[in-house]
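Everything quoted here is computed from the prediction, not taken from an experiment. Start at 1 and go down the list; that is how both ligands and their atoms are numbered.
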Amino acid sequence: MKKYNFSAGPAILPAEVMKEAGAACVNFNNSGFSILEISHRSADFSAVLAEAEALVREIGGIGEEFAVLFLSGGASSQFFMAPMNLLDDSGKAVYVDTGSWAAKAVKESKAFGPTEVLASSKADNYTHIPKGYTIPADATYLHLTSNNTIFGTQLAEYPETDVPLVVDMSSDMFSRPFPVDRFGIIYAGAQKNLGPAGVTLVIVRKDLLGKVDRHIPTMLNYNTHIEKGSTFNTPPVFPIYVMMLTLRWVKAQGGLEAVAKNNEEKAAVLYKEIDENPMFAGTVTQKEDRSLMNVTFVMADEYKELEGQFLEACKAAGCMSVKGHRSVGGFRASIYNAMPKEGIETLVKVMQDFRAAHA
Ligand SMILES: *Cc1c(COP(=O)(O)O)cnc(C)c1O
């Protein structure tokens, strides 16, 4: 039976990427060596890094005013690295608190300078994206989480502002086009939509750097990695390679417009079933905030005791890891770029069969 991986992360990757990555573990580029044992300064790996960067620039429309970095430490390290490099007591960072990851980013920023939360949906367990807040024109940056992996919400649009946006795009990077010129920093842990765990893609507008009055440890200074082309120390060679393969796949899909259209269609099929099937209910209270990447839903109140049984039915049909995050409960189907339409159709069929059997 075909199995579909609905896990939030580490998450599904395109089958052809997995296959090629597997072959490269045995013999990379016909070199007689595994990708796992080659030098990060070899010509073979330099070509991988260069292609990965070129693909990020081409797919995202990222110009030379930005540096493209491949760092370690996860997206979680960017929670402190971004304010450490951009913010000091002469500035002010503003945040929108849309979920647990956003809240973690706020906590780190406070150690580096004035930090203000403009809006939060925490009191409603993050079931919607706060709107209608005013962005102070003198803010150093506005930090946003584009997609809230745990709560299943996603920013439909980025705010129009001259304040540089610092955005955690971990769970929807390269799932749709974005207005590059509004961004100061974009960061994304690879393991949701870009590749395996171990590398974080960081895109930084270079003119924002070098302005803070503090000592920044060498490894935590973006300029170190810019000057050394992400090879100041040993970068995560294999995760970067697999990300490069995934980016090739994104390009072959037709780029971000095509990927976005596909993601919209996929999500619409699943949300339609959630809305029509009386056994289920979506957890996000405003439809325009629904994530196209992480679809969160619960069993309707009168069927709550069937939750475990539904998860068993999912597994029996090959739909794996549909259990929701403990802070939301219920179910979460993560349907990143690589999730094929058939995976969604299979899950919808399980929901329909469940309804026929129980409702
Ligand atoms: C998973 C996730 C993180 C944490 O990523 P790590 O690479 O594990 O540090 C941060 N932000 C968002 C939105 C995430 O989904």
A.B. asks: Classify the ring geometry between Phe174 and Phe178 as parallel (under 30°), tilted (30 to 60°) or perpendicular (over 60°).
C.D. replies: parallel
A.B. asks: Considering distance alone, does some N or O of Ser77 sit under 3.5 Å from an N or O of ligand 1?
C.D. replies: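 N/O-N/O distance below 3.5 Å does not exist for this pair.
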A.B. asks: Which is closest to atom 15 (O) of ligand 1 in terms of heavy atoms, Thr98, Thr145, Thr149, Ile150?
C.D. replies: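 Among Thr98, Thr145, Thr149, Ile150, the closest heavy atom to atom 15 (O) of ligand 1 comes from Thr149.
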A.B. asks: Do Asn262 and Lys341 have side-chain atoms, one donor and one acceptor, less than 3.5 Å apart?
C.D. replies: yes
A.B. asks: Start with the C-alpha distance between Arg214 and Asp89, add both sets of side-chain angles, then the distance that settles salt bridge (charged side-chain N to carboxylate O under 4.0 Å, His left out), and finish with yes or no.
C.D. replies: CA-CA 10 Å; Arg214 74 163 53 87; Asp89 282 335; over 6 Å; no
A.B. asks: If you count the atoms of ligand 1 from 1 in the order shown, which ones are under 4.0 Å from a heavy atom of Phe79?
C.D. replies: 10 (C)
A.B. asks: What atoms in ligand 1 come closer than 4.0 Å to a heavy atom of Gly74?
C.D. replies: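 Within the 4.0 Å cut-off of Gly74, ligand 1 contributes 7 (O), 9 (O).
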A.B. asks: Ligand 1 versus Ser76, non-hydrogen atoms closer than 4.0 Å: side chain, backbone, both, neither?
C.D. replies: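 The answer is both.
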A.B. asks: If we set the cut-off at 4.0 Å for heavy atoms, which region of Gln191 has an atom near ligand 1: side chain, backbone, both, or neither?
C.D. replies: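 It is the side chain that gets close, since no backbone atom is under 4.0 Å.
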A.B. asks: Please report which non-hydrogen protein atom sits nearest to atom 11 (N) of ligand 1, along with the residue it belongs to and the distance in Å to one decimal place.
C.D. replies: Asp168 OD2, 2.6 Å
A.B. asks: Knowing that exactly one of Asp172, Asn147, Thr149 qualifies, which makes a side-chain hydrogen bond (donor to acceptor under 3.5 Å, both in side chains) with Asn294?
C.D. replies: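 Of Asp172, Asn147, Thr149, side-chain hydrogen bond (donor to acceptor under 3.5 Å, both in side chains) with Asn294 is met by Asn147 alone.
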A.B. asks: For the residue pair Phe310 and Phe331, does the interplanar ring angle fall in the parallel (under 30°), tilted (30 to 60°) or perpendicular (over 60°) class?
C.D. replies: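 Because their plane-to-plane angle is over 60°, the rings of Phe310 and Phe331 count as perpendicular.
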A.B. asks: Relative to Trp101, does Lys192 satisfy both conditions: NZ or CZ under 6.0 angstrom from the six-membered ring centre, and within 45 degrees of the ring's axis?
C.D. replies: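 Checked: cation-pi criterion met.
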A.B. asks: Among all protein non-hydrogen atoms, which one is nearest to atom 1 (C) of ligand 1, and what is the separation to 0.1 Å?
C.D. replies: Lys192 NZ, 1.5 Å
A.B. asks: Tell me the protein heavy atom at minimum distance from atom 5 (O) of ligand 1, and give that distance in Å.
C.D. replies: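 For this ligand atom, the closest protein heavy atom is Ala75 CB, 3.5 Å.
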A.B. asks: Out of curiosity, is Asn147 lining ligand 1, as in a heavy atom under 4.0 Å away?
C.D. replies: yes
A.B. asks: Is the ring pair Tyr187/His143 parallel, tilted or perpendicular, if the boundaries are 30 and 60 degrees?
C.D. replies: tilted
